[in-house]
Amino acid sequence: MAWCGTFSSTDDGLPYIGPWSGRKRMFFALGYGGNGITFSMIAAQLIKNKLKGIKDERENVFGFER
């Protein structure tokens, strides 16, 4: 029996959260590894705000364009 747990990280240690260019109806929360509890809550808040049309300054920190 074998198993695998893929673990990724980004160059700056922060996850990517938000929509990807050209995929307006898809939202991503990627690469939050060991800080998953904190970053998954931030991801939920960011995605909720995006769906409601609320500007969230954290988009600049966690977005794909950083």
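The shown structure was predicted, so the numbers you read here are calculated from the model rather than taken from an experiment.
Under the 30°/60° scheme for interplanar angles, the aromatic rings of Y16 and F64 are found to lie parallel.
Atom CZ of R25 sits about 10.0 Å away from atom CG of L51, to the nearest 0.5 Å. Here the CD-NZ distance, from Q45 to K50, works out to 15.5 Å after rounding to the nearest 0.5 Å. Distance CD/E59 to CD1/I54: 10.5 Å, rounded to 0.5 Å.
Just one residue in the list D56, L30, I42, V61 forms a side-chain contact (heavy atoms from CB on, under 4.5 Å) with I17, and that residue is I42.
Counting non-hydrogen atoms of neighbouring residues, nucleotides and ligands closer than 6.0 angstrom, the NZ atom of K52 reaches no more than 12 such neighbours. Environment of CD1 in I37: sparse, with no more than 12 heavy atoms of neighbouring residues, nucleotides or ligands closer than 6.0 Å.
Aromatic rings from W20 and F28 are positioned such that their centres are separated by 6.0 Å or more.
Contact of the R66 side chain with the L14 side chain is registered, since non-hydrogen atoms from C-beta on lie closer than 4.5 Å.
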